Amino acid sequence: MNRIWRWDQGRLNYFRFDNLQLIAQAILGLDGTIINSANIDPLRYILEAQTGLPFSPQNYKVWRNYKRVFECSMLATSIDNHLFVSDIAKKIAENTDFEADDYLSFFATHFRYPFPAFSDYNADEPLVYPFCALLKYLIAHFEQLDNTFITLEDVFSKIIGNNCTGFEDLYFYKTLKPTNRKPVGEEQRQVREMLIFISQLSILKWHTSKLFLDVSAADLLQYNNFENLTTPVFTQSTAVKVNDFIAITTVEDIKIKPFDIQSRELASDDLFTEGKRVRVSHIKIERSSLLRKLFFQYRPTTICDMCEKDMQKVYSWTDNLLEIHHVLPLSSCLTITSAGTSLEDIVPLCPNCHRSVHSYYKIWLNQNLTNDFRSKVEAFGVYGEAKNKIAI
């Protein structure tokens, strides 16, 4: 019998890493709070005030409606009607250098079925690490940058249908045959949202209903086929769900294995990065050749967003010299929506303007004694300042 893959559904916005950071920071001071009280909702005011997210409907207590968000994201659970804030939530909330790749690397190797967020939890069932299985499948089928992907149909037919656990070796995933396994009930939507959630990893993109592996052969060699992302971290299931949750979400330094894809950085990037992790992450996004390809399919243009010159007219012998620039705060990963990886926060820049806006950021950040922009609004504002100061 194939295991049913579970997830929360219809709440993708709450699973965006920037929002998970805000939620973690909001609940940090609520650790141990009584969740269900007769007269008040102890979570609503602080969560809505500090995250800007709606926790609807107003007539239901937050925990009743958003329990799966807290638990599936590994941020919190309840113990005897008291909020328990996890180790991983504390790591996200307290450490500004702890970024999306750190969290999702931890998540991919720790999330497994049975998982205590779900009502059909059964500690006696065999362990299945779905994200390890997905990543192993993609790596096993690696061909070239823009041709390595898995569809939702393949997930059911090949991975779930063959009872993959995530413990198998890459050769096993290379030889998988299709089965007749189809989604059951809400499973299709839930698995789809799982794929969009994990696509926030910098080496993944969800586009046109496909999960793409966004790496090069050099990246796979450098990170030994990303063993750190595909090797399950074993935790034995227990009959007491809360004990299982605590075991899964406990953070030890040895379990956090971040990675930086050096092949995406150029010597000229030193002007902007200066070794700061948040800035390196920003560069990592902008040097993705797959993302560049997807962006220009979505928005075919040869005009720089800053100087407004048509690069094809300036350099008539070229195809398209434009690069992509990620406007959001430097530590932000790509935004996800119900459609998948969002391209709305990407702008096309010529190489000169791209280099110059990074230089402007460096000056602005130093003047304001900060390493990053505090919000999307501030990031777009600073980008607009740079754009308006160009002498054309």
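If you're wondering where the values come from, they're calculated on a predicted model, not measured in any experiment.
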What one should report as the nearest heavy-atom pair of S342 and L334 is O-CD2, 4.4 Å
Do L127 and Y121 land in one hydrophobic cluster if side-chain heavy atoms of ILVMFWY residues count as linked below 4.5 Å? no
Output yes when D244 and R112 qualify as a salt bridge under the 4.0 Å nitrogen-oxygen rule, no when they do not. yes
State whether the side chain of N228 and the backbone N or O of S105 hold a donor-acceptor pair below 3.5 Å, judged by distance alone. no
Near D169 CG, under 6.0 Å, is it more than 12 heavy atoms from other residues, nucleotides or ligands? yes
Please check if I40 and Y45 belong to a single hydrophobic cluster, counting links between Ile, Leu, Val, Met, Phe, Trp and Tyr side chain heavy atoms closer than 4.5 Å. no
Would you say that T335 contacts R16 through its side chain, given a criterion of any heavy-atom pair below 4.5 Å between the two side chains? yes
Atom CG of residue position N224 - does it have more than 12 heavy atoms of other residues, nucleotides or ligands inside 6.0 Å? yes
Counting C-beta onward and ignoring hydrogens, is there a side-chain heavy-atom pair between Y173 and K158 closer than 4.5 Å? no
Indicate yes or no for a side-chain donor-acceptor contact from Y129 to the backbone of V233 under 3.5 Å, with no hydrogens or angles considered. yes
Walk me through whether Y103 and F98 qualify under ring-ring contact (aromatic ring centres under 6.0 Å, His included). CA-CA 7 Å; Y103 165 68; F98 195 76; 7.3 Å; no
Nearest-0.5 Å distance, CG of residue D310 to OG1 of residue T301: 7.0 Å
Go through the steps for I346 and V327 under the test side-chain contact (heavy atoms from CB on, under 4.5 Å), then give the verdict. CA-CA 6 Å; I346 302 292; V327 184; over 6 Å; no
Does any non-hydrogen side-chain atom of V69 lie less than 4.5 Å from one of F15? yes
I'd like to know if the side chain of D372 reaches the main chain of L330, judged simply by a donor and an acceptor atom lying under 3.5 Å from each other, with no hydrogens or angles considered. yes
Answer yes or no: is there a side-chain heavy-atom contact under 4.5 Å between F142 and L220? yes
Looking at the rings of F373 and H282, which for Trp means the six-membered one, are their centres under 6.0 Å apart? no
Give the intermediate values and the outcome of side-chain contact (heavy atoms from CB on, under 4.5 Å) for residues I363 and Q367. CA-CA 6 Å; I363 294 168; Q367 288 176 343; 3.7 Å; yes
Checking K376 against D345 for the salt bridge (Lys or Arg N to Asp or Glu O under 4.0 Å) test, could you report, in this order, the C-alpha distance in whole Å, the side-chain angles of both residues, the deciding distance, and whether it holds? CA-CA 9 Å; K376 176 177 179 177; D345 300 313; 3.4 Å; yes
Trace of the side-chain contact (heavy atoms from CB on, under 4.5 Å) decision for R11 with R68: CA-CA 10 Å; R11 300 272 170 75; R68 272 201 187 179; over 6 Å; no
For the residue pair Y113 and F111, categorise the inter-ring angle as parallel (less than 30°), tilted (30 to 60°) or perpendicular (more than 60°). perpendicular
Which residue, F17, F131, F115, forms the ring-ring contact (aromatic ring centres under 6.0 Å, His included) with F107? F131
Contact between C164 and F172 at the side-chain level, heavy atoms closer than 4.5 Å - yes or no? yes
Scan side-chain atoms only and decide if D8 and Y14 contain a donor-acceptor pair under the 3.5 Å cut-off. no
Less than 3.5 Å apart, any donor N or O on the side chain of Y137 or E168 sitting next to an acceptor on the other? no
Is there a donor-acceptor pair under 3.5 Å between the side chain of K205 and the backbone N or O of S202? yes
Rounded to the nearest 0.5 Å, what separates atom CG in D41 from atom CG in L43? 5.5 Å
I'd like to know if the side chain of R192 and the backbone of L152 have a donor-acceptor N/O pair within less than 3.5 Å. no
For Y383 and L328, indicate whether the former's side chain and the latter's backbone hold a donor-acceptor pair under 3.5 Å. no
Heavy atoms only: give me the nearest L75-A24 pair and the separation to one decimal. CD1-N, 4.3 Å
Tell me whether E187 at atom CD has more than 12 heavy atoms from other residues, nucleotides or ligands lying less than 6.0 Å away. yes
Should I324 and Y315 be regarded as members of a common hydrophobic cluster, given that ILVMFWY residues are connected when their side-chain heavy atoms come within less than 4.5 Å of each other, either directly or indirectly? yes
Presence of salt bridge, K90 and D31, under 4.0 angstrom: yes
According to a 4.5 Å side-chain heavy-atom criterion applied to Ile, Leu, Val, Met, Phe, Trp and Tyr, with indirect links allowed, do V242 and F84 form part of one hydrophobic cluster? yes
Between the main-chain N or O of V240 and the side-chain N or O of T238, is there a donor-acceptor pair closer than 3.5 Å? yes
Does NZ belonging to K309 count more than 12 external heavy atoms closer than 6.0 Å? no
For a quick test of reading the model, state the closest non-hydrogen atom pair linking R44 to P57 and the distance between them. NH2-O, 3.2 Å
Start with the C-alpha gap between N19 and T51, add the side-chain angles, then the distance that decides, and say whether side-chain contact (heavy atoms from CB on, under 4.5 Å) holds. CA-CA 7 Å; N19 285 335; T51 68; 5.9 Å; no
Does F106 reach the side chain of K91, with side-chain heavy atoms less than 4.5 Å apart? no
Intermediate values then yes/no, salt bridge (Lys or Arg N to Asp or Glu O under 4.0 Å), E99 and K284: CA-CA 13 Å; E99 300 170 7; K284 189 159 52 177; 6.0 Å; no
Hey, are R355 and N352 close enough side-chain-wise for a donor-acceptor pair under 3.5 Å? no
So, E385 and K389, do they make that salt bridge, N to O below 4.0 Å? no
Are I303 and M306 linked, directly or through other ILVMFWY residues, by side chains that come within less than 4.5 angstrom of each other? no
With heavy-atom distances below 4.5 Å as the criterion, would you say the side chains of R279 and N371 are in contact? yes
Working to the nearest 0.5 Å, report the span between CD1 of I196 and CG of L204. 12.5 Å
Spacing of C333 atom SG and D18 atom CG [to the nearest 0.5 Å]: 6.5 Å
Is the count of non-hydrogen atoms from other residues, nucleotides or ligands lying under 6.0 Å from Q297 atom CD greater than 12? yes
Taking atom NE2 of H82 and atom OG1 of T33, what is their separation to the nearest 0.5 Å? 8.5 Å
Using side-chain heavy atoms (C-beta onward) and a distance below 4.5 Å, is I390 in contact with C353? yes
CZ-OG distance between R189 and S338, expressed to the nearest 0.5 angstrom: 9.0 Å
Any side-chain to backbone donor/acceptor pair from S157 onto R181? Under 3.5 Å, distance only. no
Only one of F295, Y360, Y361 forms a ring-ring contact (aromatic ring centres under 6.0 Å, His included) with H325, so which one is it? Y361
With distance as the sole test, does K67 use its side chain to make a donor-acceptor pair with the main-chain N or O of S78 at under 3.5 Å? no
Give a yes or no on whether the backbone of S216 and the side-chain of D219 come within a donor-acceptor separation of less than 3.5 Å. yes
Could you label the plane-to-plane angle of the F55 and F70 rings as parallel, tilted or perpendicular, counting under 30° as parallel and over 60° as perpendicular? parallel
